[in-house]
*Asks:* 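Sharing a structure, written as structure tokens. Questions coming.
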Amino acid sequence: MSNLKVYNSYSRQKEEFFPLTPQHVGMYVCGPTVSGESHLGHARGFITFDVIYRYLLYLGYKVRYVRNITDAGHFEEEGRAAEDKISKKAVIEKMEPMELVQKYTNLFHWAMHQFNNLDPSIEPTATGHIVEQIEMIKQIIAAEYAYVVNGSVYFDVKKYAAKYPYGKLSGRKLDELLETTRDLESQEEKRNRQDFALWKVAPPGHIMRWTSPWGEGFPGWHIECSAMSTKYLGTEFDIHGGGMDLMFPHHESEIAQSTICNHHVPARYWLHNNMITINGKKMGKSYNNVIRLTDMFTGNSPLLTQAYHPMTIRFFILQTHYRSTLDFGNEALQAAEKGLKRLWDAYLELGKMTSDPLKEINPQLETQFNSLCLEFDDFMNDDFNTARVLANMFNLVNHINSFRSGDLEKTTLSPETLSYVKKQFKNYLEDVMGLKDENGQDSGRLQGIMDLLIDIRKEARSKKDYLTSDLIRNQLLEIGILLKDEKDGRVSFTLE
RNA sequence: GGUUCCGUGGCCGAGCGGCUAGGCAGAGCUCUGCAAAAGCUUCUACAGCAGUUCGAAUCUGCUCGGAACCUCCA
């Protein structure tokens, strides 16, 4: 079996993955800002890193997965109407800031569970780590890479860049930044326009504020992630994840802060997921094209022609490589919905398959099943290529169905192959990709009722009383239960 | 303007030097009381131009088109 290779944004190439401590992985992923509802784009990142987390677990690593909650409110940095996003909205909604934060945190957790994302090992909040952030800022000041102006603290990027490779992650050069950084308000406080805030003085009336050595204020945009990742994963850890749009300036700044405090680039592997686009444009507030997760699940959006199940969305996302953009469209989502259903039905069928000693084993199929399933490992090891794993699974769907009612009826798989295939499907479909039955577990009661109805209908059919049999089937369809007369005489049903 | 990336069949997307990707949709057939499901067969591709190569969707150059970042952003 091949070894895991990941694309490292920092080196811009695929690298073999070696954790700092054998058998252990430390992973930090930038979490949500809980000043509003998450949208489809956010979901992609969290699902991506959930699969990465799951795969690392599958490989046998003990993983500490840290994903923060940004509840302190980032500020329209660089002086742009210096208002705290969270406290501003709190006034509008007439809520306490922490009440608002709680509401959206709960909603976020709910959505993550809908997607079957595993909970991170630690989910630290920014407000809970003000002390650590202040400590870190002190260190940076002591090292003389930050300066205090009127109660605010700024990181001296120019000085940093003279000694360290600032811009390496995002592929930027300081000179270019100097020329292209926009002219924004209250630049005059800073020595150089590309300096970023570590601490901002709180204007009067600003609700979220904390005392600090520099006066009352609030932390800057990037320091929370540096402080919390250091606290829970150490000065150097394995994986840092987030969306590509966070590379600059967020991750670049994290690197600068940690380099000064801890003398390391904080993470060895930087992984970035690409964006979800809609009509080719990134989904985001500024484009006014977001589809909130709650809307996805209910279909309540002019951009949606129907509601989509969380598993459909998850599957839709996993059909693409995480570093490619994914274009949203109803047609594409509907395709995912149908595809997943077919895949899942075949998976259930696979679970029922047994190796029949009376039937002939087809050596060609044996090879095919084995090699296609073996490739799951290689594909995932190749920078988490879930799209190819799914493609291989679909290649087997036809065969699995053929064993039931097609021209493979008279053949069988060897017990070894069958159990291997079942194991691989279970491992990858459920454990690694985190897909689960949309319908949940059918209750025994439903099964009982269905058995009864199916029996009545069978009786009617045997008497050629198609009026009754069709009535049952049609009425069931009305309430979303689809009956299927299988070739072998069985009758199965699926919930729409 | 700077930096980076992308352009694959009706739609979404893998692939990144030689091999059918895959899903959905379309067409035909099989099965079936009729459906549905399923199976089989089948139709549409690699933006354009020029080069490198025995061989290119995959490498190089140019042209056209699109995007991301440089502002808060998954």
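Chain letters run A, B, ... following the sequence lines, proteins first and then strands; every chain starts at 1. Since the structure is predicted, the reported quantities are computational estimates derived from the model, not experimental observations.
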*Asks:* Dot-bracket notation for RNA chain B is requested: 5' to 3', Watson-Crick or G-U wobble pairs only, both distances under 3.5 Å, with ( ), [ ], | and . as defined.
*Replies:* (((((((..(((.....[...))).(((((.......)))))....(((((..]....))))))))))))....
*Asks:* Provide, to the nearest angstrom, the distance between the CG atom belonging to L326(A) and the C1' atom belonging to rG13(B).
*Replies:* 8 Å
*Asks:* Output all residues satisfying side-chain contact (heavy atoms from CB on, under 4.5 Å) with A161(A), sequence neighbours left out; order by chain, then residue number.
*Replies:* Y166(A), L174(A)
*Asks:* Atom CD of E37(A) and atom P of rA74(B): how far apart are they, to the nearest Å?
*Replies:* 14 Å
*Asks:* Return whichever of F248(A) or T320(A) has its heavy-atom-nearest nucleotide of RNA chain B closer to the 5' end.
*Replies:* T320(A)
*Asks:* If you assign L246(A) and F328(A) each to the RNA chain B nucleotide with the nearest heavy atom, which residue ends up on the more 5' nucleotide?
*Replies:* F328(A)
*Asks:* Contact class for G329(A) (heavy atom, under 4.0 Å): base, sugar-phosphate, or nothing?
*Replies:* nothing
*Asks:* Using a heavy-atom cut-off of 4.0 Å across all strands, would you classify M283(A) as base, sugar-phosphate, or nothing?
*Replies:* base
*Asks:* For residues 275-283 of chain A, run the donor-acceptor check on the side chains, cut-off 3.5 Å, and write out each pair with its distance to 0.1 Å, sequence neighbours left out.
*Replies:*
{"from": "T277(A)", "atom 1": "OG1", "to": "L326(A)", "atom 2": "O", "distance (Å)": "3.4"}
{"from": "T277(A)", "atom 1": "OG1", "to": "D327(A)", "atom 2": "OD1", "distance (Å)": "2.6"}
{"from": "K282(A)", "atom 1": "NZ", "to": "D245(A)", "atom 2": "OD2", "distance (Å)": "3.2"}

*Asks:* Contact class for M393(A) (heavy atom, under 4.0 Å): base, sugar-phosphate, or nothing?
*Replies:* nothing
*Asks:* In whole angstrom, give me the gap between the P atoms of rU42(B) and rG48(B).
*Replies:* 26 Å
*Asks:* For H321(A) and rA14(B), what is the distance between atoms NE2 and P respectively, to the nearest whole Å?
*Replies:* 8 Å
*Asks:* Around atom NZ of K5(A), are there more than 12 heavy atoms from other residues, nucleotides or ligands closer than 6.0 Å?
*Replies:* no
*Asks:* What's the CE-P distance between M247(A) and rC72(B), to the nearest Å?
*Replies:* 16 Å
*Asks:* Using a cut-off of strictly less than 4.0 Å, decide whether K285(A) has a side-chain nitrogen or oxygen near OP1 or OP2 of rC72(B).
*Replies:* no
*Asks:* Taking the P atom of each, how far is rG66(B) from rA25(B), in whole Å?
*Replies:* 32 Å
*Asks:* For nucleotides 3-6 of chain B, tabulate all protein N/O to nucleotide N/O atom pairs closer than 3.5 Å, reporting atom names and distance.
*Replies:*
{"from": "rU3(B)", "atom 1": "O2'", "to": "G171(A)", "atom 2": "O", "distance (Å)": "3.1"}

*Asks:* So, using ring-ring contact (aromatic ring centres under 6.0 Å, His included) as the criterion, who are the partners of Y65(A) when residues are at least two apart?
*Replies:* Y53(A)
*Asks:* Write down the distance separating the C1' atoms in rA50(B) and rC11(B), rounded off to the nearest Å.
*Replies:* 32 Å
*Asks:* From the options E252(A), E254(A), H250(A), select the one residue that forms a side-chain hydrogen bond (donor to acceptor under 3.5 Å, both in side chains) with H222(A).
*Replies:* H250(A)
*Asks:* Measure from the side-chain heavy atoms of D327(A) and tell me the nearest of rG10(B), rA25(B), rC12(B).
*Replies:* rC12(B)
*Asks:* Ring centres of F155(A) and Y160(A) under 6.0 Å apart?
*Replies:* yes
*Asks:* Answer yes if the ring centres of F115(A) and F297(A) are under 6.0 angstrom apart, and no otherwise.
*Replies:* yes
*Asks:* Distance between the C1' atoms of rU63(B) and rG22(B), in whole angstroms?
*Replies:* 33 Å
*Asks:* Using the P atom as the reference point in each nucleotide, state the distance between rG23(B) and rC62(B) in Å, no decimals.
*Replies:* 38 Å
*Asks:* Just how far, in rounded Å, is P of rG23(B) from CZ of F394(A)?
*Replies:* 6 Å
*Asks:* Have a look at S324(A) and say if it touches a base, only the backbone sugar-phosphate, or nothing, with a 4.0 Å heavy-atom cut-off.
*Replies:* sugar-phosphate
*Asks:* Picking from rC12(B), rC24(B), rA74(B), which would you name as closest to the side chain of A332(A)?
*Replies:* rC12(B)
*Asks:* Do any pairs count as a salt bridge (Lys or Arg N to Asp or Glu O under 4.0 Å) and have a residue in residues 110-122 of chain A, sequence neighbours left out, and if so which ones?
*Replies:* none
*Asks:* Apply side-chain contact (heavy atoms from CB on, under 4.5 Å) to L467(A) and list each qualifying residue two or more places apart in sequence or on a separate chain.
*Replies:* D465(A)
*Asks:* State which residues pass side-chain contact (heavy atoms from CB on, under 4.5 Å) with E375(A); sequence neighbours excluded, sorted by chain then number.
*Replies:* L372(A), F379(A), N392(A)
*Asks:* From C-beta outward on R44(A), which listed nucleotide comes closest to its side chain: rA68(B), rG15(B), rA74(B)?
*Replies:* rA74(B)
*Asks:* With salt bridge (charged side-chain N to carboxylate O under 4.0 Å, His left out) as the test, would you mind laying out the steps for D356(A) and K410(A) before giving the verdict?
*Replies:* CA-CA 10 Å; D356(A) 188 342; K410(A) 296 190 168 56; over 6 Å; no
*Asks:* I'd like the C1' distance from rC5(B) over to rU41(B), given in whole Å.
*Replies:* 40 Å
*Asks:* Identify which nucleotide among rA14(B), rA74(B), rC69(B) has an atom closest to any side-chain atom of H39(A), counting heavy atoms from C-beta outward.
*Replies:* rA74(B)
*Asks:* In whole Å, what is the span from the CD1 atom of I276(A) to the C1' atom of rG13(B)?
*Replies:* 13 Å
*Asks:* At under 4.0 Å between heavy atoms, what does Y287(A) touch on the DNA or RNA strands: base, sugar-phosphate, or nothing?
*Replies:* sugar-phosphate
*Asks:* Could you measure between the two C1' atoms, the one in rU8(B) and the one in rC46(B), and give it in whole Å?
*Replies:* 4 Å
*Asks:* Treating primed atoms plus P, OP1 and OP2 as sugar-phosphate and everything else as base, which nucleotides of nucleotides 32-43 of chain B get B, S or - for protein heavy atoms under 4.0 Å?
*Replies:* -BBBBSSSS---
*Asks:* Do the side-chain N or O atoms of K282(A) get closer than 4.0 angstrom to the phosphate oxygens (OP1, OP2) of rC69(B)?
*Replies:* yes
*Asks:* Taking the P atom of each, how far is rA45(B) from rA38(B), in whole Å?
*Replies:* 27 Å
*Asks:* Please state how far atom CZ in R292(A) lies from atom P in rA74(B), giving the value in whole angstrom units.
*Replies:* 16 Å
*Asks:* Under the side-chain hydrogen bond (donor to acceptor under 3.5 Å, both in side chains) rule, collect the residues that match up with N330(A), sequence neighbours excluded.
*Replies:* T305(A), Y308(A)
*Asks:* Applying side-chain contact (heavy atoms from CB on, under 4.5 Å), can you list everything that pairs with S38(A), at least two apart in sequence or on another chain?
*Replies:* H42(A), F108(A), L293(A)
*Asks:* Does anything in residues 28-54 of chain A form a salt bridge (Lys or Arg N to Asp or Glu O under 4.0 Å)? List the pairs, not counting sequence neighbours.
*Replies:* E37(A)-R292(A), D50(A)-R54(A), D50(A)-R314(A)
*Asks:* Rounded to the nearest angstrom, tell me the gap between atom NZ in K338(A) and atom P in rC12(B).
*Replies:* 16 Å
